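Scroll down for the structure; my scribbles are underneath it.
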Amino acid sequence: MRAALAEATVAAVEGEVPVGAVVVIDEEVVATGYNRSVHDADPSGHAEIIALRAAADDIGNYRLTNATLYVTLEPCVMCVGAIAQARVARVVFGAYDRKAGALGSVEDLSDSRALNHRFEVNGGLLDDECAQLLQSFFEARR
């Protein structure tokens, strides 16, 4: 999660909502990402999507069946869809997202029959640090 926090910090410096993600396979970081929606003018430019794309490219397969995705903020519906399509084994997130979180806060799609893949979810890892980074970012913008 510390590596994901480092990615989130890069996002903040670039004026993006500070969310970072890291994909780990066999205890090795294979890809990282941070929010780039503003910079890339891309509504799908979330940290999770960026990291999943990079991981798939790195291993040469869009199926990330042995992967754990670490992300500093609870994924949204779009990102949970991508996680399911990639067949990620486990998602670990930091801060809960009470406005758009799709792994327990607003919705819980981790066990949805609408998705064709189930994955393990662990939330709240370094919750305070992840939440503080987001709070500081938005306080500075007000």
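Given the structure is predicted, the values throughout are model-derived calculations rather than measurements.
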Problem set entry | Backbone N/O of R63 and side chain of N61: donor-acceptor pair under 3.5 Å | yes

For this session: For A8 and P18, work out which heavy atoms get closest and say how close.
Result: O-CB, 3.3 Å

Exercise. Looking only at heavy atoms, what is the nearest atom pair of A100 and V106, with distance?
Worked result: N-CG2, 3.7 Å

Problem set entry | Heavy-atom closest pair, residues P43 and A41 | CD-O, 4.1 Å

Exercise. Are any side-chain N or O atoms of E74 and backbone N or O atoms of G104, one a donor and one an acceptor, separated by less than 3.5 Å?
Worked result: yes

Exercise. Mind checking whether V77 and L69 sit in one hydrophobic cluster, side chains of I, L, V, M, F, W, Y counted as touching below 4.5 Å?
Worked result: yes

Problem set entry | Min side-chain heavy-atom separation R2-E129 under 4.5 Å | yes

Problem set entry | Side-chain heavy atoms of H46 within contact of N35, under 4.5 Å | yes

For this session: Using the rule that two of Ile, Leu, Val, Met, Phe, Trp, Tyr join whenever any of their side-chain heavy atoms come within less than 4.5 Å, decide whether I59 and Y62 are in one cluster.
Result: no

Problem set entry | Separation between CG of L5 and OH of Y34, rounded to the nearest 0.5 Å | 15.5 Å

Exercise. Got a second to check how far T68's OG1 is from F119's CZ, nearest 0.5 Å?
Worked result: 12.0 Å

Seminar exercise, completed: The reported gap from CD1 in I50 to OG in S44 (rounded to nearest 0.5 angstrom) is 7.0 Å

Exercise. Taking all atoms of both residues into account, what is the closest heavy-atom pair of A51 and G33, and its distance?
Worked result: CB-N, 3.9 Å

Exercise. In this structure, are over 12 heavy atoms from other groups packed under 6.0 Å from E14 atom CD?
Worked result: yes

For this session: Please check if F138 and V19 belong to a single hydrophobic cluster, counting links between Ile, Leu, Val, Met, Phe, Trp and Tyr side chain heavy atoms closer than 4.5 Å.
Result: yes

Problem set entry | Test item: R53 and I49 side chains (from C-beta on) under 4.5 Å apart, heavy atoms | yes

Problem set entry | Between CZ on residue R87 and CZ on residue R118, distance to nearest 0.5 Å | 10.5 Å

For this session: Give the cluster check for I25 versus V92: same hydrophobic cluster or not, with ILVMFWY residues linked at side-chain heavy-atom distances below 4.5 Å.
Result: no

Problem set entry | From R90 atom CZ to N122 atom CG, the distance as rounded to the nearest 0.5 Å | 4.5 Å

Problem set entry | ring-ring contact (aromatic ring centres under 6.0 Å, His included) contacts touching residues 68-106 (sequence neighbours left out) | F93-Y96

Seminar exercise, completed: Heavy-atom closest pair (C76 atom, A102 atom, distance to 0.1 Å) is C-CB, 3.6 Å

For this session: Determine, using the 4.5 Å side-chain heavy-atom cutoff (strictly less than), whether L52 and V80 are members of one ILVMFWY cluster.
Result: yes

Exercise. CG of D26: more than 12 outside heavy atoms within 6.0 angstrom?
Worked result: no

Problem set entry | Sidechain-backbone polar pair: E16 side chain, H39 backbone, donor-acceptor under 3.5 Å | yes

Problem set entry | Flag, side chain of T72 to backbone of A4, donor-acceptor distance under 3.5 Å | no

For this session: Would you check if V121 and D108 make a side-chain contact, meaning some heavy-atom pair closer than 4.5 Å?
Result: no

For this session: Could you grab the distance from atom OG1 of T9 to atom CG of L133, nearest 0.5 Å is fine?
Result: 5.0 Å

For this session: Looking only at non-hydrogen atoms, find the nearest pair between M1 and V71 and report the distance.
Result: CE-O, 3.5 Å

Problem set entry | Contacts of type side-chain contact (heavy atoms from CB on, under 4.5 Å), residue A55, not counting sequence neighbours | V23, V30, A31, L64

